[in-house]
Amino acid sequence: FRERKNQKTSIYLMAGVGIMDRVELGLFIGDKIEGEPLVYFLNVKAKILQETLKYPQLSVGIDNILSPVAETSIEDLHDGDDFYEHPDKAAYEMLSPYAVASKQAVVLGMPWMFNLGIGAHRFTGQASRSRVMNGLFMSAELSPVRDLAIQGEYDGQDVNAGIKYSYKNWGFRVGAQALEDLTKDNGYEDNLRIAFGISYI
């Protein structure tokens with residue numbers, strides 16, 4: 001994409017609220033690219049089973065409710081269509097359902113959090129490597145010291161990594177998306193995308 005070869009900065013806004021320790025509602029607004037619509041959507045997640053010492057937590061959800069990117073239409077976009085030049089259009093496919101299992105564990109004396117799930121639409125991606133996984137996604141988070149976490153994930157499309165630091169109710173994050181692009185030689189090797197985030201709970 002031509003847009004990816006230029007340095008650009010986008011502002012994101014995310015807000016979430018929990019309901020009765022079972023349901024989480026989220027709102028996303030941002031990622032505006034010149035000449036294309038503003039991206040906005042809602043996410044809903046519900047906890048079905050609580051984590052125990054033996055069993056993981058099980059949750060189901062649906063992402064990208066109200067997204068302006070129509071579901072299953074990404075491969076059909078043509079030059080001039082809305083979101084044609086958008087580098088992350090596949091991540092915003094409307095009505096993307098999923099189920100995920102999450103488990104905390106102590107490994108090598110350090111706390112970890114593991115997630116394994118399967119989903120449709122945005123979780124399947126568009127490249128052949130993503131289609132092989134067919135909607136499978138996974139992540140791991142390691143906390144080597146108090147209030148610091150190192151994160152890695154495969155989100156169904158890309159390999160991402162990040163670091164999170166917490167201070168009281170504040171969270172500070174830095175992450176890198178689509179790390180696999182750095183190994184390519186097809187023009188995407190300079191496609192380094194970095195995100196910085198500040199959150200308050």
**Message:** Please identify which of these residues, Asn64, Thr124, Ile65, meets the side-chain contact (heavy atoms from CB on, under 4.5 Å) condition with Ser96.
**Reply:** Asn64
Value rounded to 0.5 Å, distance of [atom1] in [X] from [atom2] in [Y]:
{"X": "Asn160", "Y": "Tyr154", "atom1": "CG", "atom2": "OH", "value": "10.0 Å"}
{"X": "Leu25", "Y": "Lys45", "atom1": "CG", "atom2": "NZ", "value": "12.5 Å"}
{"X": "Asn43", "Y": "Tyr98", "atom1": "CG", "atom2": "OH", "value": "7.0 Å"}
{"X": "Lys164", "Y": "Ser199", "atom1": "NZ", "atom2": "OG", "value": "8.0 Å"}
{"X": "Gln177", "Y": "Ile194", "atom1": "CD", "atom2": "CD1", "value": "10.0 Å"}
{"X": "Met113", "Y": "Gln57", "atom1": "CE", "atom2": "CD", "value": "7.5 Å"}

**Request:** Before giving the answer on side-chain contact (heavy atoms from CB on, under 4.5 Å), spell out for Ile62 and Leu42 the whole-Å C-alpha distance, their side-chain angles and the decisive distance to 0.1 Å.
**Result:** CA-CA 9 Å; Ile62 185 164; Leu42 299 172; over 6 Å; no
**Item:** Whether Lys103 side chain and Glu51 backbone form a donor-acceptor pair below 3.5 Å
**Value:** no
Do [X] and [Y] belong to the same hydrophobic cluster, where Ile, Leu, Val, Met, Phe, Trp and Tyr are linked whenever their side-chain heavy atoms lie under 4.5 Å apart, directly or via other members?
{"X": "Ile19", "Y": "Ile48", "result": "no"}
{"X": "Val60", "Y": "Met94", "result": "no"}
{"X": "Ile118", "Y": "Leu49", "result": "no"}
{"X": "Leu58", "Y": "Tyr55", "result": "no"}
{"X": "Ile150", "Y": "Tyr165", "result": "no"}

Nearest non-hydrogen partners of [X] and [Y], listed with the distance:
{"X": "Leu95", "Y": "Pro97", "answer": "O-CD, 3.2 Å"}
{"X": "Leu66", "Y": "Tyr40", "answer": "O-CE1, 3.4 Å"}
{"X": "Ile29", "Y": "Leu38", "answer": "CG2-CD2, 4.0 Å"}
{"X": "Ala91", "Y": "Gln157", "answer": "CA-NE2, 3.6 Å"}
{"X": "Ala178", "Y": "Arg193", "answer": "CB-NH2, 3.5 Å"}

Determine whether more than 12 heavy atoms belonging to other residues, nucleotides or ligands lie under 6.0 Å from atom [atom1] of [X].
{"X": "Ile201", "atom1": "CD1", "result": "no"}
{"X": "Leu108", "atom1": "CG", "result": "no"}
{"X": "Ile11", "atom1": "CD1", "result": "no"}

**Item:** Tyr167/Phe172 aromatic ring centres below 6.0 Å
**Value:** no
**Request:** Measure the shortest side-chain to side-chain distance between Phe123 and Glu93 over non-hydrogen atoms and say whether it is less than 4.5 angstrom.
**Result:** no
**Item:** Phe28 side chain reached by Val39 side chain, heavy atoms, under 4.5 Å
**Value:** yes
Side-chain donor-acceptor pairs under 3.5 Å in residues 137-145, sequence neighbours left out?
residue	atom	partner	partner atom	Å
Ser139	OG	Asn115	ND2	3.0
Glu141	OE1	Gln151	NE2	2.8

**Message:** Looking at Arg122 and Asp155, is there a salt bridge between them, counting it only when a charged N and a carboxylate O are closer than 4.0 Å?
**Reply:** no
